Undergrad: 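The structure follows.
As the structure is a prediction and not an experimental result, all values here were calculated from the model.
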Amino acid sequence: MTSSLSLAAVVLAGGASRRMGRDKATLPVDGPSGPLTLVELVVSVVRLRCDPVFVVAAPGQALPSLDAIVLRDEILGVGPLLATGRGLRAAAEAGRTHAFVSAVDMPALTTEVIDTLAGPAQRSGAEVVLPWDGRDHYLAGIYRTSLHTVVAELLSAGERSMRALVNAVDTQRIVLPEQPALANVNTTDDLAAIQPPRLV
């Protein structure tokens with residue numbers, strides 16, 4: 001069942017990609033309508049369910065033209081917590097109470113995953129709703145946008161991990177089977193093994 005919860009999306013595209021050895025966001029992939037980059041693919045998926053869509057990129061990071069609002073990290077290389085706070089703040093300023101926060105390296109992400117989390121987020125009042133398949137997927141969850149203030153406090157205290165945020169607030173975990181939609185790619189072999197979704 002599709003939830004009526006209005007969502008922004010925050011796509012984190014500015015990671016260092018050390019294991020991949022290059023910027024993941026601009027990796028070429030075979031999309032459902034032809035070749036495109038990984039960030040274009042992820043934006044096209046979340047755009048089907050979320051509005052507005054924010055892409056948080058590193059300072060100076062080159063990106064293709066996107067159907068999204070591009071934000072820039074203030075500092076390079078401090079991890080996803082700072083970028084998440086930046087995106088949540090922008091989503092709150094846009095009038096959204098909830099945002100789907102996604103890594104850029106999820107080529108098989110689907111709107112079904114987003115809606116599976118949106119229902120519980122709407123009903124439970126939890127501040128964070130995460131998929132769990134034996135591990136937490138911090139960068140495939142729904143977050144209350146007001147949490148940008150908590151992120152700021154954690155950063156001021158020297159925290160850098162998403163785990164610190166999730167442990168500091170009311171978090172609900174939704175048990176899901178292991179599936180390609182939640183898989184992150186860290187090598188070109190990972191990318192070749194995952195089939196992007198067919199967009200409708």
Undergrad: Is atom CZ of Arg160 surrounded by more than 12 heavy atoms (other residues, nucleotides or ligands) closer than 6.0 Å?
TA: yes

Undergrad: Roughly how far, to the nearest 0.5 Å, is the CZ atom of Arg163 from the OG1 atom of Thr171?
TA: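 Thr171 atom OG1 to Arg163 atom CZ measures 12.5 Å (nearest 0.5 Å).
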
Undergrad: Under 4.5 Å between side-chain heavy atoms, hopping through other hydrophobics if needed: is there a path connecting Leu109 to Trp132?
TA: no

Undergrad: Taking atom types as modelled and ignoring hydrogens, do the side chains of Gln122 and Ser4 form a donor-acceptor contact shorter than 3.5 angstrom?
TA: yes

Undergrad: If you look at every heavy atom in Leu38 and Pro107, which pair is closest and at what distance?
TA: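 Between these two residues, the closest heavy atoms are CD1-CB, 3.7 Å.
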
Undergrad: Enter the distance from Asp170:CG to Glu127:CD here, rounded to the nearest 0.5 Å.
TA: 5.5 Å

Undergrad: If you take all heavy atoms of Pro80 and Met162, which pair is closest and at what distance?
TA: CG-CG, 3.8 Å

Undergrad: For residues Ala126 and Arg144, report the shortest heavy-atom separation together with the two atoms involved.
TA: O-NE, 3.7 Å

Undergrad: Any non-hydrogen side-chain atom of Leu71 less than 4.5 Å from a side-chain atom of Ile69?
TA: yes

Undergrad: Is Phe100 close to Val10 at the side-chain level, that is, under 4.5 Å between some pair of heavy atoms?
TA: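 Not touching, per the 4.5 Å side-chain cut-off.
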
Undergrad: So, Gln61 side chain and Asp23 main chain: donor-acceptor pair closer than 3.5 Å or not?
TA: no

Undergrad: Please name all residues satisfying side chain to side chain donor-acceptor pair (under 3.5 Å) with Asp133, sequence neighbours left out, ordered by chain then number.
TA: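 Side chain to side chain donor-acceptor pair (under 3.5 Å) check on Asp133 returns His137.
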
Undergrad: Does Leu81 reach the side chain of Leu165, with side-chain heavy atoms less than 4.5 Å apart?
TA: yes

Undergrad: In a table with atom names and distances, give each donor-acceptor pair under 3.5 Å that connects a side chain of residues 85-95 to protein atoms at least two apart or in another chain.
TA:
{"unit_1": "Arg86", "atom_1": "NE", "unit_2": "Arg72", "atom_2": "O", "d": "3.3"}

Undergrad: Can you spot which of Asn186, Leu27, Val39 makes a side chain to side chain contact (heavy atoms under 4.5 Å, CB included) with Asp105?
TA: Asn186

Undergrad: Within the structure provided, determine whether Leu117 and Pro131 are in side-chain contact (heavy-atom separation under 4.5 Å).
TA: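 The answer is yes; the side chains approach within 4.5 Å.
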
Undergrad: Pairing donors with acceptors under 3.5 angstrom, does anything connect the side chains of Glu40 and Thr37?
TA: yes

Undergrad: Mind listing the closest non-hydrogen atom pair of Ala99 and Leu7 along with its distance?
TA: N-CD2, 4.2 Å

Undergrad: Locate the shortest heavy-atom distance separating Ala62 from Thr26; write the atom from each residue and the value.
TA: O-CG2, 3.6 Å

Undergrad: Show your reasoning for whether side-chain contact (heavy atoms from CB on, under 4.5 Å) applies to His148 and Tyr143.
TA: CA-CA 10 Å; His148 70 86; Tyr143 292 72; over 6 Å; no

Undergrad: Apply the test side-chain contact (heavy atoms from CB on, under 4.5 Å) to residues Val128 and Ile142: give CA-CA distance (whole Å), side-chain angles for both, the deciding distance (0.1 Å), then the verdict.
TA: CA-CA 6 Å; Val128 178; Ile142 292 178; over 6 Å; no

Undergrad: Between Thr145 and His98, is any pair of side-chain heavy atoms under 4.5 Å apart?
TA: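 No, too far: nothing below the 4.5 Å cut-off.
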
Undergrad: For the residue pair Asn184 and Ala103, what are the closest heavy atoms and their distance?
TA: ND2-CB, 4.0 Å

Undergrad: Indicate yes or no: at least one non-hydrogen side-chain atom of Leu130 is less than 4.5 angstrom from one of Val166.
TA: yes

Undergrad: Going by side chain to side chain donor-acceptor pair (under 3.5 Å), name the pairs with one or both residues in residues 172-182, residues two or more places apart or in two chains.
TA: Ser124-Gln172, Asp136-Arg173

Undergrad: Looking at Val55, Leu139, Val104, which one forms a side chain to side chain contact (heavy atoms under 4.5 Å, CB included) with Leu12?
TA: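 Of Val55, Leu139, Val104, side chain to side chain contact (heavy atoms under 4.5 Å, CB included) with Leu12 is met by Leu139 alone.
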
Undergrad: Check Thr111, Asp115, Thr110 against Arg49 for a side chain to side chain donor-acceptor pair (under 3.5 Å) and give me the one that passes.
TA: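 Passing option: Asp115.
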
Undergrad: Does any part of the side chain of Pro59, heavy atoms only, come nearer than 4.5 Å to the side chain of Asp73, both counted from C-beta?
TA: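 Yes; the side chains approach each other to less than 4.5 Å.
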
